[in-house]
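What follows is a single structure, written as structure tokens, with notes after it.
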Amino acid sequence: MTAPTNTFKQALADGQKLIGCWMSFAEGPVAEIMGTAGFDWLVVDGEHAPNDLRSIRDQLIALAASDSHPVVRVPIGEAWMIKQVLDAGAQTVLVPMVETGDQARDLVRACRYPPEGMRGVGAAGGRATMFGSIPDYIATANDQICLLVQVESRAGLAALDDILSVEGVDGVFIGPADLSTDMGYKGDNTAPEVRAAIADAFSRIRAAGKAPGILGTTEESIQAFSDMGAQFLAVGIDVLVLAQGARKLSARWKSA
């Protein structure tokens, strides 16, 4: 028995457009609910949400029966963090703040078993191998791991072509909030200069045969990023979906 096919990675390679959503509650039951919504992919956010390895594992378990593919964002591109989430069963990893080709190459190595990489060979007791029930996991896992890197600074954009040349990087996610702030616009991704930088990055990513991705949180930004050619596009954040829905409901009936 081989490692499970990473359907998200395959869909990106096939050029499919995938719609996703961010998850920031860090709770298994919320992930289970989100898994019923029909999104192609869902981000388990380990950078800005209050997640640890156990809560990430719990959300992976909660999504196991869902058609929504879990994408685990680690807090930072440390090999030991990547090792842990892979052993917990993640097949797709999103790494923030990637700014050099060398950094991207190190991340690829962290995702792969030797001799191609440096991932520790200790998943036999973990969810990755379904607790030892996938005998050929180690021999086949490398091909099923999907690595997405975030480029979200001027330095990252300057190094984008080098990052894109790295074999093993499947997609590049442009972080609009961090990028716009680094460009001096304090989180305003609607600034013409920021939009132009994003559009140019998307074009370069596609030309390199990689998948461009991004998060939009307003109807305007989602449509703009879709029109630019975002292939894996997140269209909301679970916390905001609840907060905005609750505020709308409250205002509607308090004013009735």
Side-chain angles (χ1 to χ4, degrees), residues 1-23 31 34-45 56 59-74 82-83 85-95 98 104-105 107-113 116-117 119 123 126-130 133-151 163-174 202-215 225-226 228-235:
M1 185 182 298
T2 61
T5 299
N6 187 329
T7 55
F8 177 85
K9 179 173 182 171
Q10 185 60 58
L12 291 184
D14 291 343
Q16 296 181 36
K17 185 171 185 177
L18 304 174
I19 301 299
C21 193
W22 234 250
M23 298 195 303
M34 293 294 291
T36 70
F39 291 108
D40 297 312
W41 56 289
L42 293 166
V43 170
V44 180
D45 187 7
I56 290 171
Q59 289 168 87
L60 292 173
I61 292 171
L63 290 171
S66 171
D67 290 334
S68 299
H69 182 83
V71 174
V72 175
R73 177 161 75 168
V74 292
I82 294 171
K83 177 196 305 185
V85 299
L86 292 179
D87 285 354
Q91 284 191 299
T92 301
V93 179
L94 176 62
V95 182
V98 176
R105 281 180 273 273
L107 294 173
V108 172
R109 284 176 43 78
C111 289
R112 295 185 174 185
Y113 286 123
E116 292 86 3
R119 180 181 175 187
R127 288 193 70 253
T129 64
M130 282 292 99
S133 67
I134 304 177
D136 296 324
Y137 179 84
I138 292 171
T140 57
N142 285 359
D143 290 340
Q144 302 305 327
I145 301 302
C146 179
L147 174 62
L148 308 173
V149 300
Q150 289 187 227
V151 170
I163 293 168
L164 290 169
S165 72
V166 177
E167 182 181 354
V169 171
D170 297 287
V172 177
F173 181 94
I174 302 299
F202 280 7
S203 178
R204 292 158 67 190
I205 294 165
R206 289 193 305 271
K210 313 285 188 182
I214 200 164
L215 164 66
F225 298 148
S226 179
M228 289 179 192
Q231 189 179 343
F232 60 106
L233 173 62
V235 296

- [ ] Give a yes or no on whether M130 atom CE has more than 12 heavy-atom contacts from other residues, nucleotides or ligands under 6.0 Å away.
- [x] yes
Open item on the list: Please find the pair of heavy atoms, one from C111 and one from N142, that lie closest to each other, and give the distance.
Closed with: O-OD1, 4.3 Å
- [ ] State, with a plain yes or no, whether a side-chain heavy atom of L233 is found less than 4.5 Å away from one of L18.
- [x] no
TODO: Could you check if a side-chain atom of F232 sits within less than 4.5 angstrom of a side-chain atom of T92, using non-hydrogen atoms only?
DONE: no
Open item on the list: Please confirm whether the ring centroid of W41 lies under 6.0 Å from the ring centroid of F173.
Closed with: no
Task: salt_bridge(D40, K17) N-O dist < 4.0 Å - done: no
- [ ] Using a 4.5 Å cut-off on heavy atoms from C-beta on, say whether the side chain of R206 contacts that of P212.
- [x] yes
Task: Qualifying residue, where the test is side-chain contact (heavy atoms from CB on, under 4.5 Å) with V85 and the options are L60, V44, I56 - done: I56
Task: Pairwise distance CE(M34) to OG(S68) - rounded to 0.5 angstrom - done: 8.0 Å
Open item on the list: What I'd like to find out is whether the side chain of V98 reaches to under 4.5 Å of the side chain of V169, using heavy atoms alone.
Closed with: no
TODO: Check whether any side-chain heavy atom of M228 lies under 4.5 Å from a side-chain heavy atom of I174, and answer yes or no.
DONE: no
Task: Over 12 foreign heavy atoms within 6.0 Å of CG, D67 - done: no
Task: Pairwise distance CG(L147) to CZ(R112) - rounded to 0.5 angstrom - done: 9.0 Å
Task: Student check: side-chain heavy atoms of Q231 and L12 closer than 4.5 Å - done: yes
